[in-house]
Every structure is written in structure tokens, then in C-alpha cells.
Amino acid sequence: MTLEPGSLRRVELRRIDLPLVSPFRTSFGVEADRDILLVRVEWQSASGAVTEGWGECVALAEPTYSAEYVDGAQHVMTSHLLPRLTSAASLSATDVGTLLAPIHGHPMAKGALEMAILDAQLRAAGISFGEHIGASATTIPSGVSVGIHDDVDSLLATVQGYVDDGYVRIKLKIEPGADVEHVAAVRDMIGPDMPLQVDANTAYTRTDGAHLARLDDYDLLLIEQPLPEDDIIGHARLAAEVVTPICLDESLVSASGTVDAIELGACEIANIKPGRVGGYLEAVRIHDVCRSRDIPVWCGGMVETGIGRAANAMLAALPGFVLPGDISASTRFYARDVVTDPIVIVDGHVTVPTSPGFGFEIDQSFLDEVTASTTLVHG
Ligand code: NPG
């Protein structure tokens, strides 16, 4: 279904501060709280109706996961991206990628703007994103991502807590010095049937193949992004050296690049994160190219609020998402969320939201409480 075009009447950029319930350590750093950039648009359809739309930018405070960071995202939106959108007399979310293509990079900033416009257009049409893309699953299995721990005992205690919460898949963050021993202990504790995978966030090098092959003993679903993001050939060689499937995250930034990585043998499983690839529409295209090549996909997470997590749940309801995603309960990271209907886990599953747009409602009073700044960019 084609959504009715319209135009941007007002655009606000809101920065919020949300503390995490516990620090989250990866091979690239520790997150203790999130400084999150939200986009709020007022959208006027061609027929005159005005609706609100929200987008969440997943850029972190520092450029450690990728080159983007939250201050940079706000700057590029304000100075380079939004002027190309606010000047359009007739606009649709499907135009955003083309209109912003002259600006290189900045997929997280672009994706957040596209998301806000898409949310508004879908709300105007009264349909959900899931319905719009033909995603039919009503519930999806929920996995949890576990940060690096200093010692095995504390890691085991944390993992046991998540097993007790009902998560159906455990992902362990790893780095050199915190890998085989940690995985062995967790596998021993959770038993052979619980799905387990690891995420290195680019922490290894091409010479680590024999070491990473030791993980083959623990029946892992996948090893995620062991090598630097630009090392596609290195991942292909590693895929031939280890039995455990190699999954790419940071390396996959577009549908065409994903096809190349698959054809080179570097990507046996794909992690899809809408922010990393420039938005939910490109994420759907990546799902489609993977599905047509029988490459399993799953939905990653960027420690989103209930805004981004509701949207991820709708995306992960597409049929190619055959592995549990990092779509854990809101309480995994936040004591209180900025939406009135945060993601919860029941029997290890998340109910896919079905209300119009991306399926969340803003908790306005709490959002105001955690807002550090609001900048009117247009309107
Ligand atoms: O559940 O949202 C989540 C977190 C999932 O581990 C997760 N994300 O590299 O995939 C990642 C990682 C991450 C993203 C870590 C951002 C830190 C910041």
C-alpha cells in the first residue's frame, strides 16, 4: 500500500538522559547511561490531516560502535539532512533515502528522520508498520545480550537471572581474555539445549582463527562480528576455518553490501539493525535479500527505548527473522521507559505491537522529566 504523501510542518529534536539499570560492557566500552536523540515531527498529509511521528536515533554518546555519535547526529540532521526534507512540498518516507543520498554516511541520523516520517504517515493511514510490510507473526522470541563481566562467577549469576526471566536465547559479549572460559562456564550452567551465541564487536584479528575455533566445542548459534567492519575477506576466511556460523553486524550497512558479503562467503547469518543501515525500509530490503538466499536473519538492538524497541519488534515479525533477536524487555536496561506500553516478556516472547505507526504511545510526563533539551529545527 502506498502511503499518502505530505510535508513537514514542525520538527523538534529532543535529547533525553536515561540511566541504565546496570552498566553494559562491550569490547568497545562501558555504557552506564544513554544520551538519546529523539525526533518529533508534525506531519501534514496532502489531504490536510496533521499527525505526529517519532523517530529514535541509535547513535551512542561516543563514536565507538561506529563513526556516528549523538552530537554529530544532531548536527548533521540540523545542518545537512533536515533542510533537504523540510523544503520538499510533497514528501513520503520512501523518498527520504533518495533525498538524503547526496550526504555521505550518517545512517543512524538518516534512519531516525525516515522513521519519524514513516511513523506519522502510518498513523495518518491508521495502519501499523508491521501490517504495512506484511509482517504476520503475533509474538516473537526474545533474546538477551549480556555484557562482559570481570569474573566468571558474576557472569553466571547474571545469566541465571536472565534464564529465570524466561529469555529463550543468551548472547554473551566477548573479547580476547574473556571468551572461551566464559562461554564454557555458561554452556555448562545452562545446559546443551539453551540457544547461546557470542558477539565480539570487532575485537579479534585475522590471526585469531584457531583460537575462535575453540568456541566450536560449545554448540553456539553464531559468532557475531569477530573482525573489523571493513574486513569482509577476513570474515570469509574465518567462516572456512570455524564450524560455528559467522554472523555480521557492523559490516552490513546496505542491502547491496549484504549481498556482496553473502556471495563472498563472509556472512552466514545476518544481524539487522535499522539504525546501522539507514532506516527501517533498508532493513526490510536486507531481510528480503537474505531470505531469498536462505540466510537466516535476526534483529539486533542498540539499547533503544520503547520507541525503537516497538519498531524492532514489528520488523522482527517478518518471516525471515528465524532466530531470536536482541529484543529484550524494557526493564533489561531501563527502570522506567518513555512509552506507556513498554516491551514485556511473557514466556520468553514479546507480543508484536499492532497499533498504528510503530506501535508505541509516548509517556509525555516521564519524557518531559528526562528531557535535557528540546530544539525546534523547523516550524
Ligand atoms: O538489547 O538493545 C540491546 C543491546 C544489544 O548487545 C546489544 N547491542 O553491538 O549489538 C551490539 C550491542 C551494543 C549496541 C552495545 C550499542 C552497546 C551499545
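Whatever order the structure lists ligands and atoms in, that order sets their numbers, starting from 1. These numbers come from the heavy atoms of this one structure, side chains and all, not from hydrogens, waters or symmetry mates. Here the structure is a predicted model, which is why all the values come from computation and not from measurement.
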Is the closest heavy atom of Arg332 to ligand 1 under 4.0 Å?
no
Counting each atom of ligand 1 from 1 as listed, which ones have a heavy atom of Lys273 under 4.0 Å away?
9 (O), 10 (O), 11 (C)
Given the rule in the side-chain contact (heavy atoms from CB on, under 4.5 Å) test, do Ile272 and Phe321 qualify, once you have shown the distances and angles that lead to the verdict?
CA-CA 9 Å; Ile272 299 182; Phe321 284 83; 4.0 Å; yes
Hey, are Asp216 and Thr244 close enough side-chain-wise for a donor-acceptor pair under 3.5 Å?
yes
Out of all atoms in ligand 1, which are within 4.0 Å of some heavy atom of Met302? Include the element for each.
2 (O), 14 (C), 16 (C)
Residue, atom and distance of the protein heavy atom nearest atom 12 (C) of ligand 1 read Lys173 NZ, 3.1 Å
What atoms of ligand 1 come closer than 4.0 angstrom to any heavy atom of Asn201?
9 (O), 11 (C)
Going by the angle between their ring planes, with limits at 30° and 60°, are Tyr280 and Phe358 parallel, tilted or perpendicular?
tilted
Test item: side-chain donor near acceptor, Tyr204 and Asp231, under 3.5 Å
no
Which atoms of ligand 1 have any heavy atom of Asp199 under 4.0 Å away?
9 (O), 10 (O), 11 (C)
For atom 1 (O) of ligand 1, which protein heavy atom lies nearest, and how many Å away is it?
Arg309 NH2, 2.9 Å
Given side-chain contact (heavy atoms from CB on, under 4.5 Å), test Leu18 with Phe366 step by step and report yes or no.
CA-CA 11 Å; Leu18 275 186; Phe366 184 62; 4.0 Å; yes
Run the numbers for me: atoms of ligand 1, each under 4.0 Å from some heavy atom of Phe333, listed by number.
1 (O), 2 (O), 3 (C), 4 (C)
Show the atoms of ligand 1 that are less than 4.0 angstrom away from any heavy atom in Tyr65.
9 (O)
Output, in order, the C-alpha distance, side-chain angles, deciding distance and verdict of salt bridge (Lys or Arg N to Asp or Glu O under 4.0 Å) for Arg332 and Asp165.
CA-CA 10 Å; Arg332 156 72 183 92; Asp165 288 342; over 6 Å; no
Audit row: Val180, Tyr218, side-chain contact (heavy atoms from CB on, under 4.5 Å) steps and yes/no
CA-CA 9 Å; Val180 180; Tyr218 304 102; 4.0 Å; yes
Short side-chain donor-acceptor distance under 3.5 Å, Arg15 and Thr375
no
Considering distance alone, does some N or O of Asn271 sit under 3.5 Å from an N or O of ligand 1?
no
Taking 4.0 Å as the limit for heavy-atom contacts, which would you say applies to Asp249 with ligand 1: side chain only, backbone only, both, or neither?
side chain
Does Arg187 come within less than 4.0 Å of Asp217, counting only side-chain N to carboxylate O?
no
Honestly, for Val58 the part within reach of ligand 1 (heavy atoms, under 4.0 Å) is neither
Heavy atom under 4.0 Å from ligand 1: found in Arg34's side chain, backbone, both, or neither?
neither
Scan side-chain atoms only and decide if Glu56 and Trp54 contain a donor-acceptor pair under the 3.5 Å cut-off.
no
Close-contact set for ligand 1 against Thr26 heavy atoms, below 4.0 Å
15 (C), 17 (C)
Based purely on interatomic distance, does Gly301 place a nitrogen or oxygen under 3.5 Å from a nitrogen or oxygen of ligand 1?
yes
For atom 18 (C) of ligand 1, what is the nearest protein heavy atom, given as residue, atom name and distance?
Leu60 CD1, 3.6 Å
Selection from Asn312, Ile327, Thr64, Val303 by shortest heavy-atom distance to atom 2 (O) of ligand 1
Val303
Contact atoms of ligand 1, heavy-atom distance to Phe28 under 4.0 Å:
15 (C), 17 (C), 18 (C)
Examine the side chains of Ser47 and Ser45 and answer whether a donor and an acceptor come within less than 3.5 Å of each other.
no
Strictly by modelled atom types, are Ser66 and Glu250 linked by a side-chain donor-acceptor pair under 3.5 Å?
no
Contact between ligand 1 and Gln225 is defined here as a heavy atom of the residue under 4.0 Å from a ligand atom; is it met?
no
Tell me the protein heavy atom at minimum distance from atom 6 (O) of ligand 1, and give that distance in Å.
Ser145 OG, 2.6 Å
